[in-house]
Colleague: 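First, the structure itself, so that you have it in front of you.
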2 protein chains.
Amino acid sequence: MINELNGITPEEEQSIHKARKRIIEAIGKNMDLYGITLSTGLLYGLMFFQNKPMTLDEMGEAMEMSKTSMSTGIRTLMDLNMVNKVWEKGSRKDQYEVERDWHQTFTDFFAIKWRKAVEMNLQALKKSQVELRALADEHPNEETLQSYISLDMEKINQAIDYYLWLDRLIDTLESGEIFNLVPKKPDKGG
Amino acid sequence: MINELNGITPEEEQSIHKARKRIIEAIGKNMDLYGITLSTGLLYGLMFFQNKPMTLDEMGEAMEMSKTSMSTGIRTLMDLNMVNKVWEKGSRKDQYEVERDWHQTFTDFFAIKWRKAVEMNLQALKKSQVELRALADEHPNEETLQSYISLDMEKINQAIDYYLWLDRLIDTLESGEIFNLVPKKPDKGG
DNA sequence: TCGTATGTACAGAAAAAACTTTACGTTGTT
DNA sequence: AACAACGTAAAGTTTTTTCTGTACATACGA
């Protein structure tokens with residue numbers, strides 16, 4: 001573990017370290033909700049408590065892992081806008097720091113991952129919808145076929161409605177409108 | 001693949017199968033957002049197009065997988081309220097069907113998984129917060145220690161604020177209040 | 001009460017993912 | 001222009017996860 005805690009007693013350092021570790025492990029573990037592996041989650045936790053940007057070498061040393069792993073971990077985190085690359089003058093090494101605005105991180109996650117899923121699913125649903133509609137039109141008098149298709153179509157329509165709603169929810173998150181609906185600071189009083 | 005499509009031509013059956021398959025694969029793949037494996041996602045997709053509850057044996061045959069795998073997959077889906085067990089009279093076998101209300105499925109996911117993460121993280125944050133506060137109180141005159149602690153405390157406080165917000169957002173989802181804020185049916189007109 | 005069907009725990013096999021080492025292309029410095 | 005440092009691609013290893021087969025506990029029916 002890289003140690004930037006100087007000028008305090010070992011016991012004090014140990015106490016701080018312990019307090020941090022508890023948080024790092026909790027956060028790291030729960031980042032699987034973001035599709036992030038435990039190791040990368042712990043890396044994120046490490047960076048969270050860092051007071052200045054880190055290089056890949058520093059991360060590797062602190063995590064006791066290879067620089068390559070740090071590189072891939074950082075890329076994962078960057079793809080989710082959870083860490084940012086910082087341009088430090090005079091250093092050839094890339095420097096990274098965590099995005100401190102977690103509300104933003106949360107909404108970005110939806111804007112990135114969930115949006116993509118919604119789009120993919122909507123596309124598949126609509127394409128199949130068109131195909132089934134065409135199939136139904138080709139055989140208007142085949143009762144059995146018509147009933148099968150209409151069962152599937154109803155399911156597809158329900159799914160599309162849901163994804164359109166989800167798309168609007170993601171709009172609300174991405175635009176920040178959500179913070180008008182659910183304020184960052186709780187409403188006072190009753 | 002279990003075939004409940006009778007009374008239509010093989011070509012028609014093939015067309016329906018193709019339309020379904022596209023959707024099943026899209027949905028199955030994107031269910032990793034729910035922490036669900038591709039296989040289990042495909043199982044879910046299969047059940048989605050089923051018009052009656054399925055038994056584990058039927059699933060195994062349709063998926064060409066062992067019944068044991070179906071059992072574990074179904075349990076995962078049940079834990080997320082994505083499928084329900086149905087009590088069919090006269091059959092000794094358990095029967096399952098997908099939850100058709102996907103809005104509910106979505107909000108349940110947050111109420112189950114995200115809520116748990118929020119609680120775990122808040123607990124860790126608060127416990128460390130207390131510890132650090134105590135440490136600071138023990139050594140009021142150690143300037144270096146105080147500055148270290150106050151840096152950590154600020155990060156912790158920000159994190160707590162975020163999780164409290166997220167907790168309220170999850171409240172909004174779990175209670176269904178979200179559907180007043182972001183209606184299921186889009187607002188008409190401009 | 002016994003027998004049989006059913007779901008799942010458990011152990012092992014197969015597949016997938018994570019991690020490391022090595023090698024290489026790129027970039028910035030001398 | 002040559003060199004050195006850096007980040008990452010690629011290949012191989014280790015670890016983890018998923019999947020299967022077997023065994024077992026439970027519950028229902030005869």
Colleague: Should A:E58 and A:K93 count as an ion pair when the cut-off is N to O under 4.0 Å?
Modeller: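 Not counted as a salt bridge, because no side-chain N and carboxylate O are separated by less than 4.0 Å.
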Colleague: Measure from CD1 on A:I74 to P on D:dG7 and round the result to the nearest Å.
Modeller: 11 Å
Colleague: Between B:Y34 and A:W114, is the gap from one ring center to the other below 6.0 Å?
Modeller: yes
Colleague: Between A:S69 and B:T55, which has a closest nucleotide on DNA chain C that is more 5'?
Modeller: B:T55
Colleague: Between B:D171 and B:R115, does at least one N-O distance fall below 4.0 Å, as a salt bridge requires?
Modeller: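 Yes, this pair counts.
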Colleague: A:L122, B:M31: one ILVMFWY side-chain cluster at the under-4.5 Å cut-off?
Modeller: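 Yes; tracing contacts between hydrophobic side chains, which count when under 4.5 Å, links both residues.
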Colleague: Reading DNA chain C 5' to 3', which nucleotide is the first, and which the last, to come under 4.0 Å of any heavy atom in chain B?
Modeller: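 On DNA chain C, the outermost contacted nucleotides are C:dT4 to C:dC10.
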Colleague: Under 3.5 Å, which protein N or O atoms sit close to an N or O of nucleotides 8-10 of chain D? Give each pair with its distance.
Modeller:
from	atom 1	to	atom 2	distance (Å)
D:dT8	OP2	A:S71	OG	2.4
D:dA9	OP1	A:R75	NH1	3.4
D:dA9	OP2	A:R75	NH1	3.4
D:dA9	OP2	A:R75	NH2	3.1

Colleague: On the 0 to 90° scale, with breaks at 30° and 60°, tag the A:F110-A:F106 ring pair as parallel, tilted or perpendicular.
Modeller: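 Taking A:F106 first and then A:F110, their aromatic rings sit tilted (interplane angle of 30° to 60°).
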Colleague: Using atom names, set out every protein N or O paired with an N or O of nucleotides 28-30 of chain D below 3.5 Å, distance rounded to 0.1 Å.
Modeller:
none

Colleague: Between B:S69 and B:S66, do the side chains contain a donor N or O and an acceptor N or O under 3.5 Å apart?
Modeller: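 The criterion, which ignores hydrogens and geometry beyond distance, is satisfied for B:S69 and B:S66.
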Colleague: A:L77 versus A:V98: any side-chain heavy-atom pair under 4.5 Å?
Modeller: no
Colleague: Have a look at B:D161 and tell me which of A:K185, A:R100, A:K184 forms a salt bridge (Lys or Arg N to Asp or Glu O under 4.0 Å) with it.
Modeller: A:K185
Colleague: Please report, rounded to the nearest Å, how far the C1' atom of D:dA27 is from the NZ atom of B:K93.
Modeller: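 Rounding to the nearest Å, NZ of B:K93 and C1' of D:dA27 are 15 Å apart.
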Colleague: Ring-plane angle category for B:W102 and A:Y162, please: parallel below 30°, perpendicular beyond 60°, tilted otherwise.
Modeller: perpendicular
Colleague: Atom OH in A:Y96, atom CD in A:Q50: separation rounded to 0.5 Å?
Modeller: 15.5 Å
